[in-house]
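In what follows, a structure is listed as structure tokens, so that the remarks can point back to it.
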Amino acid sequence: MGRRHEGDPLDYVRDLTEALLEGKLIEEEVLFRDAVGEIYSTLRKEVLSKTSNRDYERLLRAYELAVILRYLVQDGVKTSREVLEELLKTL
């Protein structure tokens, strides 16, 4: 999977989200769950480290969506496409 900017965590989340939406990782449930966990932990780290950033509200919304997505995946719900699409729009 190609990356836009190696050092930018939000680009990493965007790329991972796009890969999920394009079906590149959904075929394997373990990979899908791992990717969702990676999105969640990356956004959580960014939210906690940037409390004074002007984009904090946008980042916080993306993190909230990742929390919802993580919850859906943990409960085995596989209808998370709308959450992924909204997450991608938010980033």
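The figures that follow rest on heavy atoms only: side chains count, while hydrogens, waters and symmetry mates do not. By convention here, the first residue in the shown sequence is residue 1.
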Under the salt bridge (charged side-chain N to carboxylate O under 4.0 Å, His left out) test, residues paired with Glu38 that sit two or more places apart: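 With neighbours one apart ignored, the set is empty.
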All side chain to side chain contact (heavy atoms under 4.5 Å, CB included) counterparts of Ala66, not counting sequence neighbours: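 In terms of side chain to side chain contact (heavy atoms under 4.5 Å, CB included), with neighbours along the sequence ignored, Ala66 is linked to Ile39, Tyr40, Leu43.
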Say you draw a straight line from [atom1] of [X] to [atom2] of [Y]; how long is it, rounded to the nearest 0.5 Å?
X     : Y     : atom1 : atom2 : value
Thr17 : Lys89 : OG1   : NZ    : 13.5 Å
Asp15 : Leu88 : CG    : CG    : 9.5 Å
Leu16 : Leu84 : CG    : CG    : 9.0 Å

For Arg44, all residues meeting side-chain hydrogen bond (donor to acceptor under 3.5 Å, both in side chains), sequence neighbours excluded: none
For the student: nearest non-hydrogen atoms of Leu10 and Glu46, plus distance: CD2-CG, 4.3 Å
Shortest non-hydrogen contact from Glu85 toward Leu21: CG-CD2, 3.6 Å
